[in-house]
Each structure stands twice: as structure tokens, then as C-alpha cells.
**Q** 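Questions regarding the structure given below will be posed in turn.
This one's a predicted model, so the numbers in the text were calculated from it and none came from an experiment. Each chain gets a letter, A, B and so on, in the order the sequences are listed, and its residues count up from 1. As a basis for the values below, the full set of heavy atoms in this structure was taken, side chains included, without hydrogen atoms, waters or symmetry mates.
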Protein chains: 2
Amino acid sequence: MGRWEPNGRERLAKAALELYGERGFEQTTVAEIAKRAGLTERTFFRHYADKREVLFAGSGELERLFADAVADVPPSATPLDALAAGLDAVCEMFEERREFAGKRHAVISATAELRERELIKLASLAAALADTLRRRGVPEPVASLTAETGVAVFKVAFERWITADEQRPLVRVARDSLEQLKAVAAGSAPAGVGGGAAPAPTEAQPSA
Amino acid sequence: MGRWEPNGRERLAKAALELYGERGFEQTTVAEIAKRAGLTERTFFRHYADKREVLFAGSGELERLFADAVADVPPSATPLDALAAGLDAVCEMFEERREFAGKRHAVISATAELRERELIKLASLAAALADTLRRRGVPEPVASLTAETGVAVFKVAFERWITADEQRPLVRVARDSLEQLKAVAAGSAPAGVGGGAAPAPTEAQPSA
DNA sequence: ATCTCTGATGTCAGTTACTGTCGTCAACGC
DNA sequence: GCGTTGACGACAGTAACTGACATCAGAGAT
């Protein structure tokens with residue numbers, strides 16, 4: 001047995017999520033988080049670069065998962081198909097953690113500072129995806145555009161999935177969003193309500 | 001004449017951009033910025049909410065310009081065409097300020113904290129665009145997807161334009177990027193090297 | 001068994017971003 | 001003239017973060 005309780009890092013993360021949820025991010029001091037975790041402020045900053053980062057420790061894992069899945073798709077596939085495979089892999093990871101993801105998402109979307117941090121993590125994800133696509137031989141700017149598109153689709157799908165009234169699994173929502181984006185880009189959705197003139201996109205559910 | 005030199009706000013912005021460029025963002029204190037502007041630290045925070053915001057004061061104007069242009073497109077146009085009109089309007093505004101935009105961009109991309117702020121401004125822009133599209137009768141999630149796509153295209157185009165070896169006007173680069181995105185989404189760009197199968201996206205003339 | 005080295009933590013002092021409060025003084029309207 | 005307003009300075013305070021150094025259990029070497 002060590003001199004201190006084990007898993008200090010995890011205790012800090014747990015305490016932070018709790019306190020951010022109870023009092024809000026700005027009303028919580030790092031000293032309070034450390035105290036709840038039975039540690040000191042200085043130790044908090046040894047584990048997490050700043051007060052926000054404690055909520056984003058897992059983002060590196062997500063990035064690797066997504067990029068690896070894209071890299072593993074056969075080279076004959078289009079960039080968009082490779083993207084779809086990555087999307088599938090990432091969505092699967094979230095399915096089991098919906099409750100945790102919900103709490104975390106609520107805290108983040110309540111505070112501008114945390115939204116900033118989330119956005120830069122997503123940007124980092126897009127950069128990693130673009131890099132992976134380039135390694136597959138996809139030229140610029142197609143690689144970057146595809147990567148940004150993939151992140152946008154994930155973002156939109158996640159927001160819908162985390163909503164209370166969305167029952168489908170995340171992977172289903174994501175695939176649907178991707179199909180809709182394809183339809184938009186193909187110009188099949190006129191601005192006017194209804195889109196009657198559109199050549200019936202693949203299977204666009206009138207879910208909205 | 002007032003008790004103080006006029007245009008304190010602008011002097012602060014100028015001093016900040018200079019100092020961020022000379023020593024870097026993190027190595028510059030707010031006290032130094034204020035001193036160079038002939039004011040005090042307290043006054044800096046009266047004009048700008050925080051040390052980063054001084055570089056993003058004009059973003060509200062950009063947002064209005066973009067959204068208004070999208071709103072003014074005839075309702076018969078597709079969402080993507082409306083987006084293209086907004087893109088044109090925004091690009092025009094940048095053409096005259098390339099030097100300033102370059103300095104600002106160099107400072108921002110050198111510091112993670114500033115990149116975060118830029119990203120949230122772009123997200124705010126996307127939200128405003130999505131709102132405008134919904135007012136045009138575009139349903140969700142198409143409105144959000146289209147808005148995110150528009151911002152992504154602008155981002156990619158701006159990055160290319162600000163590069164020293166890019167000679168074309170921003171509006172040309174942006175239109176080209178949009179065309180390439182359409183091609184990607186249409187599935188015309190195989191993952192295999194070269195994109196030779198694609199219908200020559202590189203010099204796509206602004207047929208839009 | 002002792003010794004040393006390592007790693008996770010505590011302690012403390014310091015810098016700086018940011019805020020609240022109050023005072024000052026020119027300009028402006030009456 | 002006179003009160004009000006608006007922009008700023010002065011000053012004190014909080015809290016995020018950093019650097020330097022101390023402490024002490026455990027692991028491995030001797």
C-alpha cells in the first residue's frame with residue numbers, strides 16, 4: 001500500500017465532474033476539487049494542465065480510435081466511405097457510456113470556456129483525420145474538407161443522440177446524418193419548405 | 001477635447017497585436033499592453049472581456065455580414081447556393097485587409113489559447129448561419145449541416161488564401177473549395193492517389 | 001538488512017488574469 | 001451655475017497557474 005490512496009487522478013476527475021455539475025464550472029475552485037478528492041491544488045495541476053482539461057482527458061483515445069478505423073479501410077474506398085467506417089467505430093465506443101456522456105455534455109454546453117476547449121479537441125480530431133486521409137493518398141484540400149465534414153457530422157449526430165427523445169443508437173443517428181449531408185451537397189434539398197422538387201434522397205427519415 | 005487621448009479602445013487593440021507579434025501572446029502581460037496604449041490595465045478590461053478578446057472584436061460584424069447575405073438570397077435557391085452568396089460577401093470584406101489578416105492569423109495560429117477563441121467564434125458563426133437557414137425554411141439537420149459545411153469551407157479557403165504563394169483573391173479560392181467539397185460529397189474522388197478520376201477540381205471556374 | 005533511487009505528493013512563495021469599489025474630472029444638458 | 005454622465009485611475013482582492021524544494025513509501029541493488 002502506498003503512502004496515499006491510489007487513483008488520485010481518477011478521483012480528481014470524478015470530483016471535478018460532480019462539482020461542475022453541482023455548482024457550475026466557474027463557481028468551482030480547483031482547491032475545492034482537490035479537497036473532495038483528498039489531495040491538494042498543486043497535485044491537481046500535476047495531473048491536468050488546467051481546470052478545463054480534467055474533462056477532456058479521454059479525447060486522445062477517441063482521436064486514435066477514429067483515425068485508426070479510417071486507416072484500416074481498404075484503399076479502394078472513397079474518402080467518404082473511409083470516414084463512415086471511422087464514424088462507426090467511434091459511435092460504438094459511446095453507446096455504453098451514454099449517462100456519463102450526458103452529464104459531461106451538460107456541463108460543457110453550459111459554459112463558454114468549456115465549449116472552447118471542446119472545439120479545439122474536435123479541431124485536433126479533424127487534423128488527425130485529415131492526416132490519415134492524406135496518408136491514404138487523398139490530396140488536399142479534399143482531405144481537410146472531408147475531415148472537417150466528418151467531425152461536423154459527428155457533432156450534429158452526437159447532439160441529437162444525447163437528447164432525451166432520441167432513442168436510436170448513436171451509430172444509427174450518425175449514419176443518417178451523413179446520408180443527409182450527402183443529399184445536401186448533391187443539391188437535392190431546395191431552400192423552400194418541403195423540398196418537393198428534390199429527387200428523393202436515399203432514405204432521408206422525416207425525423208425532424 | 002477630452003481629458004484623455006481619444007480612441008483608447010483602438011490604441012489598446014493596436015498595442016496588443018503588436019506585442020503579441022513581438023513577444024508572443026503568453027509572454028505579453030495586459031499591463032504592458034495598457035502601458036503602450038497609454039492607459040491602465042483596468043481600462044483594458046473595461047474595453048475587452050479578456051486578454052484574447054482584443055483580437056476578436058470584429059467577429060460580430062463578420063457574422064452579421066455573412067448571415068445577412070444568406071438571408072437575402074431568393075428562396076428558390078438551394079441551401080448551398082445561399083451559402084455561396086454569403087461566402088462571397090464575407091470574402092469581399094477580407095480582400096482589402098490581407099496584411100492585417102495575415103498578422104492576426106500568424107499570432108492566433110501560434111497560440112493554442114487563441115485558436116480556442118477563434119474556434120468558438122466560428123461556431124457562433126455556424127449557429128447564426130444555421131438559424132438564418134432555418135428562417136429560410138430549411139429543416140434540421142440540414143440547416144446545421146449546411147452551416148457547418150459553410151464554415152469549414154471558409155476556414156479551408158482562408159488558410160489557403162493567407163498563404164504567401166496563393167495569388168488568387170479569396171473569393172476565388174472559396175468558390176473553388178466549395179466546388180471540391182461538392183465533388184467529394186458526390187463521391188467523385190476515390191481514395192486512391194491523385195484524384196485523377198475527379199473532374200478536374202483544381203481549376204474549377206466559378207460556375208456557381 | 002540497509003541503501004539508494006524514484007515517484008507521487010505536500011508546502012510555500014510568487015506571478016498574472018480578472019473583478020469590485022470608489023474617486024476624479026472634463027463635457028454636456030438644463 | 002449645477003447636477004449628471006462617461007471614461008478613466010487607484011487600490012484591494014480572488015483564484016488560476018508555476019517553480020522550487022521537502023517528504024516519505026516502495027522497489028530494486030548490494
**Q** Return the value, rounded to whole Å, for the distance between atom CZ of F45(B) and atom P of dG20(C).
**A**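 It is 13 Å, rounded to the nearest whole Å.
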**Q** What's the CG-P distance between L114(B) and dA17(C), to the nearest Å?
**A** 13 Å
**Q** Mind calculating the distance between CD (E113(A)) and P (dA15(D)) to the nearest angstrom?
**A**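 Checked: the CD to P distance equals 14 Å.
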**Q** Report yes or no: is there a donor-acceptor pair, N or O only, under 3.5 Å between the side chain of R46(B) and the base of dG9(D)?
**A**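 Answer yes: a donor N or O sits under 3.5 Å from an acceptor.
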**Q** Checking T149(B) side chain against L145(B) main chain: does a donor-acceptor pair fall under 3.5 Å?
**A**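 At least one qualifying donor-acceptor pair exists.
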**Q** Starting the side chain at C-beta, find the nucleotide from dC12(C), dT9(C), dA25(D) nearest to R3(A).
**A** dA25(D)
**Q** If only side-chain N and O atoms of T43(B) are considered, is one of them under 4.0 Å from the OP1 or OP2 phosphate oxygen of dG9(D)?
**A**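 Indeed, a polar side-chain atom of T43(B) lies that close.
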**Q** Do the side-chain N or O atoms of T29(B) get closer than 4.0 angstrom to the phosphate oxygens (OP1, OP2) of dT15(C)?
**A**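 T29(B) to dT15(C) OP1/OP2: no side-chain N or O under 4.0 Å.
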**Q** If you check the W4(A) side chain, which of dT9(C), dG19(D), dC18(C) turns out closest?
**A** dT9(C)
**Q** Rounded to whole Å, how long is the line connecting atom OH of Y48(A) with atom P of dT18(D)?
**A**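 Going from Y48(A) (OH) to dT18(D) (P), I get 16 Å.
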**Q** Consider the side chain of K51(A), meaning its heavy atoms from C-beta on, and name the nucleotide among dT21(C), dA17(C), dC17(D) that approaches it most closely.
**A** dC17(D)
**Q** For the residue pair H105(B) and F158(B), does the interplanar ring angle fall in the parallel (under 30°), tilted (30 to 60°) or perpendicular (over 60°) class?
**A**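 If you compare the ring of H105(B) with that of F158(B), the planes turn out perpendicular.
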**Q** With heavy-atom distances below 4.5 Å as the criterion, would you say the side chains of L119(A) and K155(A) are in contact?
**A** yes
**Q** How close do V156(A) and S177(A) get, heavy atom to heavy atom, and via which atoms?
**A**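 The answer is CG1-OG, 4.3 Å.
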**Q** With the side chain of L39(A) defined as its heavy atoms from C-beta on, choose the nearest nucleotide among dA16(D), dC8(D), dG10(C).
**A**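 So the side chain of L39(A) is nearest to dG10(C).
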**Q** What's the closest nucleotide to the side chain of R42(A) if the choices are dC12(C), dC17(D), dC18(C)?
**A**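 My answer, after comparing the listed nucleotides, is dC12(C).
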**Q** May I ask you to evaluate whether H47(B) reaches the phosphate of dC8(D), defined as a side-chain N or O under 4.0 Å from OP1 or OP2?
**A** yes
**Q** Separation of R9(B) atom CZ from dG6(D) atom P, in whole Å?
**A** 16 Å
